Amino acid sequence: MRYDFVDLKIFLTLARTLNVTHTAEEVHLTTSAVSLRLKKFEDALGVQLFERGPRGLSMTAAGLALKPHAVAILGSLTSIETDLRGYQNPSADTISIATNTTGLQNIFCHAGRLFLHEHPVKLRILDMRSAAAVDAVLRGTVDLGFGLKTFADLHTDRLEVIPFMEDTLVCIIPESHPLADRDTLDYATVLQYDYLSLQEQTPLAKAMRERAQNRGFKFEPIVQLPNFDQMVRYVESGLGAAILPQSALREIAKFGDDEPRLTYRKIPLSDPFATRTLAFSLRKDGPNNERCRELIGVCRRVMGEQFLLPTADQKVDWSSKTPLSEPSS
C-alpha cells in the first residue's frame, strides 16, 4: 500500500468540497492531476472512496471510515512540524514566540506589525496550545509564551508570569437560529446543531474537538475555516453557530453593503472553560527578556481596555507611544 501525505490532503479536501475543480484550486494542482492521484490512492487502498454521479461526488462508506484516520494522521504531522520548528536555532536578533490561537489572531498579528516598525528585529511566531507554549519557554526553544495563565502558574519557580487579559469564549448565531432566544448556552447544546470551526490544525480547534469528545459528541463542523474573521462572515450569512473569543469580535471586518449579510446574536457560554485568564510567560534568565517586555507593552497598546488586566504592581507607562521596559525588579 503506497500513498503519501499529499494524497491524504487531497482526500480530505475532496471530502469537504465534493468538487474536483475546487479541490484542485485549493491544493494547487490541475483537475486531471487530482483525479489521477485519487484513482491511484483508491487502487492502493483497494476501496472506492467516492461515488461519481451526475451531481458530482459523494463519499462511500469506506471514505467515511477513512476520514477520521486521515484527519488524525495529518494532525500528527502538523504537531511534529510545529514541535521541531521550536528546536531550530534563531539568530540573535530574533524574538521567538509560542502562542495559542487567541494570541496569534487577535494580538500578535496586530502588535507584531507595530513592534517591527519600531524595533530592528525579527519575529518568529509558532501556534501552540497553551500547555505546549509553556513547555517551549521552559525548554528554551522560544523566548516568550502566551496562553492560559493556569499552565504558566505551575512553573513560577522558573518562569516570570505576566497576567495580560481576561477573555471569554462566546457563541455567535444567526438571529433566526432556534437557540437565538437563549440567555446562555452550554457547549453540549451547541454541538446538537450545525456549527463552524477553525481549521483542524489550530490549537483552538484541537481543544474544542477534545471537549466535544469528552461530552460524548463527534466533532463534525459543517466547515472549518482559517480565521475568526471567516467564521463571523459565515455566521452573518445565515449558517450555523460558531464559538470564538469575545476579543476576536472587536477585530472583525464586516461585510460590505453588496454582500449578503444577516445580523447575529452573541450568547455567553456557561461552561467553565469559557472564562479564561491569559498571560505571558518568560524564563527568569531569558536572554531576550528586555525586548519581550517591550513587545508586551506594544500588545497592551493594541488590546482594548475592556480586556486588559490591571498592572498596579508594575510602574510602566503601557499607554505611551514608545513602549517602556519594565523595571528589572
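Treat the numbers as computed from the prediction; the structure is a model and nothing was measured. Heavy-atom basis, side chains included; hydrogens, waters and symmetry copies ignored.
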Closest non-hydrogen atoms of S247 and M165, given as atom of the first, atom of the second and distance, are CB-CE, 3.9 Å
Would you mind reporting whether F228 and L249 have side-chain heavy atoms less than 4.5 Å apart? no
If I take atom CD1 from residue I243 and atom SG from residue C171, how far apart are they, to the nearest 0.5 angstrom? 5.5 Å
Salt-bridge test for D186 and R215: reply yes if a basic N is under 4.0 Å from a carboxylate O, no otherwise. no
CG-CG distance between L185 and D271, expressed to the nearest 0.5 angstrom: 9.5 Å
Could you walk me through whether Q230 and V223 pass the side chain to side chain contact (heavy atoms under 4.5 Å, CB included) test, one step at a time? CA-CA 11 Å; Q230 289 296 319; V223 61; over 6 Å; no
Check whether any side-chain heavy atom of P221 lies under 4.5 Å from a side-chain heavy atom of L196, and answer yes or no. no
Side chains of M59 and L18 in contact at under 4.5 Å (non-hydrogen atoms): yes
With no hydrogens and no angle check, just 3.5 Å: does a side-chain donor-acceptor pair link T23 and T17? yes
Would you indicate whether K284, at its atom NZ, is surrounded by more than 12 heavy atoms from other residues, nucleotides or ligands within a distance under 6.0 Å? yes
Does the side chain of Q48 pick up a donor-acceptor pair with the side chain of T60 at under 3.5 Å? no
Would you call the rings of F219 and Y195 parallel, tilted or perpendicular, where under 30° means parallel and over 60° means perpendicular? tilted
Looking at N19 and L57, what are the two nearest heavy atoms and their distance? N-CD1, 4.5 Å
Got a second to check how far L239's CG is from I173's CD1, nearest 0.5 Å? 13.5 Å
Residue pair I107 / T99, side-chain heavy-atom distance below 4.5 Å: no
Shortest non-hydrogen contact from R300 toward F164: CG-CE1, 3.5 Å
Roughly how far apart are M231 CE and I172 CD1, rounded to 0.5 Å? 7.0 Å
State, to 0.1 Å, how close A242 and V235 come at their nearest heavy-atom pair, and which atoms those are. CB-CG2, 3.7 Å
Going hydrophobic residue to hydrophobic residue with side-chain gaps under 4.5 angstrom, can you get from V137 over to L154? no
Atom CZ of F115 and atom CG of L295: how far apart are they, to the nearest 0.5 Å? 5.0 Å
Check the orientation of H177 and Y193. Use parallel for under 30°, tilted for 30 to 60°, and perpendicular for over 60°. tilted
CZ/R158: more than 12 non-hydrogen atoms of other groups inside 6.0 Å: no
Heavy atoms of other groups near D183 CG, more than 12 under 6.0 Å: no
Can you name the one residue among L126, N227, D127, I97 that meets side chain to side chain contact (heavy atoms under 4.5 Å, CB included) with L104? D127
For R301 and G297, indicate whether the former's side chain and the latter's backbone hold a donor-acceptor pair under 3.5 Å. no
At what distance, to the nearest 0.5 angstrom, does CG of L148 lie from OG1 of T150? 5.0 Å
Okay, side chain of T275, backbone of P272: is any donor-acceptor separation there less than 3.5 Å? no
Any salt bridge (Lys or Arg N to Asp or Glu O under 4.0 Å) pairs touching residues 190-205, not counting sequence neighbours? E200-R209
With sequence neighbours excluded, residues passing salt bridge (charged side-chain N to carboxylate O under 4.0 Å, His left out) with D167: R276
Can you find a heavy atom in the side chain of F151 that is under 4.5 Å from one in the side chain of D135? no
For residues V6 and V27: do they belong to one hydrophobic cluster (side chain heavy atoms under 4.5 Å, members Ile, Leu, Val, Met, Phe, Trp, Tyr)? yes
Which atom names give the shortest non-hydrogen contact between T94 and R124, and what distance separates them? CG2-CB, 3.9 Å
How far apart are the C-alpha atoms of L198 and Q105, what are their side-chain angles, what is the distance that settles it, and do they pass the side chain to side chain contact (heavy atoms under 4.5 Å, CB included) test? CA-CA 11 Å; L198 288 176; Q105 295 198 25; 4.1 Å; yes
With no hydrogens and no angle check, is any side-chain donor or acceptor of T184 less than 3.5 Å from a backbone partner on P268? no
Do the side chain of R283 and the main chain of V142 share a donor and acceptor less than 3.5 angstrom apart? yes
Is there a continuous path of hydrophobic side-chain contacts, each under 4.5 Å between heavy atoms, that joins L36 to F11? no
Is any side-chain heavy atom of L12 closer than 4.5 Å to one of L8? no
Given Q224, E26, H22, the one that forms side chain to side chain donor-acceptor pair (under 3.5 Å) with R16: E26
So which heavy atom on A212 is nearest to which on Y187, and how close? N-CE2, 3.6 Å
Heavy-atom distance under 4.5 Å between the side chains of R291 and H119, does that happen here? no
Determine whether I95 and C292 satisfy the following criterion, side chain to side chain contact (heavy atoms under 4.5 Å, CB included), listing intermediate values before the conclusion. CA-CA 7 Å; I95 298 176; C292 287; 4.0 Å; yes
Side-chain heavy-atom pair S35, V20 within 4.5 angstrom cut-off: yes
Could you walk me through whether N100 and L204 satisfy the side chain to side chain contact (heavy atoms under 4.5 Å, CB included) test, starting with their C-alpha distance in whole Å, then the side-chain angles of each, then the deciding distance to 0.1 Å, before giving a yes or no? CA-CA 7 Å; N100 67 1; L204 183 57; over 6 Å; no
